[in-house]
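First up is the structure itself, then whatever we jot down about it.
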Amino acid sequence: MYDLIGDVHGCTEELRTLLTTLRYEDVGALSNGPEVWEHPEGRKVVFVGDLNDRGPDSVGSLFLAMQMSKHGSALAVAGNHDDKLRRSFKPGSKIQAKHGLQETLNQLSGETPEFRAELAEWLETLPYRLMLDDGKLLVAHAGLPEKMHTSEETGKMRSHALFGDVDGKTDAAGLPIRKDWTKDYSGSRIVVHGHVVVKEPDIRNNVYNIDTGCCFGGKLTALRYPEMEIVSVPALKAYSERAW
Ligand code: MN
């Protein structure tokens with residue numbers, strides 16, 4: 001019923017290949033406009049966030065996800081990169097366009113004002129967490145500990161959903177130090193997230209991290225739910241530098 005897809009980061013070609021592998025078809029070319037992908041059995045894609053930045057075609061990835069979402073064949077939660085792009089559209093925004101955002105903004109400057117407005121409006125609709133399948137499945141970009149699954153939506157919850165349990169400290173390589181909440185997770189609800197780049201999907205205590213670093217030359221990964229099968233396609237190249 002769901003195909004959860006990890007951080008796309010502008011890897012639109014790989015995303016199309018993954019959708020095809022999962023047996024989605026681009027029916028949009030026929031009637032509803034381009035990039036409207038549908039599954040013959042009515043399955044839905046769930047994007048775990050970070051559609052843009054770092055890869056070659058952020059506009060294409062955002063457009064595809066927006067088209068599917070409007071068609072009803074995809075859901076998405078906000079990632080920290082989508083959230084920053086969303087905030088950059090606000091009048092008087094003082095966003096620092098780092099970590100690939102400037103490239104996305106450059107790509108967007110070549111699009112029409114109507115498209116940018118439509119995208120800004122769509123990004124506003126993205127939730128920070130999604131509860132699916134009668135509460136058996138929770139999706140948040142950086143995951144969420146159980147106490148934040150159904151709590152009121154607070155700043156702390158939003159920050160955890162976007163960035164994980166961080167306090168601004170970084171390690172020797174300059175990467176944020178994160179407290180690992182997954183080792184203490186004992187819930188029966190399945191939690192699916194991205195955000196933390198891993199070579200292979202990281203699965204423990206009912207928590208699934210499916211960000212396999214496509215934009216860094218890894219792969220783009222889907223988790224088929226409820227089958228719990230992993231389907232990945234390799235990156236066509238490394239578009240962005242990273243110490244693995
Ligand atoms: Mn990411």
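One-based numbering, in listed order, for ligands and for the atoms of each.
Between D82 and R86 there is no salt bridge, since no side-chain N of the basic residue sits under 4.0 Å from a carboxylate O of the acidic one. A salt bridge links R204 with D202: the distance from a Lys NZ or Arg NE/NH1/NH2 to an Asp or Glu carboxylate oxygen falls below 4.0 Å.
Of all protein N/O/S atoms, those lying under 2.8 Å from the Mn ion (ligand 1) come to 3.
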Next item on the list: Let me see the working for E153 and R129 under salt bridge (Lys or Arg N to Asp or Glu O under 4.0 Å), right down to the final yes or no.
Entry: CA-CA 9 Å; E153 189 174 311; R129 62 185 173 190; 5.1 Å; no
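When Q102, H81, H9 are each tested for a side chain to side chain donor-acceptor pair (under 3.5 Å) with D53, only one passes: H81.
Without hydrogens or angle criteria, T20 side chain to R16 main chain gives a donor-acceptor distance under 3.5 Å.
Grouped with L236 in one hydrophobic cluster are Y239, the linkage being side-chain heavy-atom contacts under 4.5 Å among Ile, Leu, Val, Met, Phe, Trp and Tyr residues.
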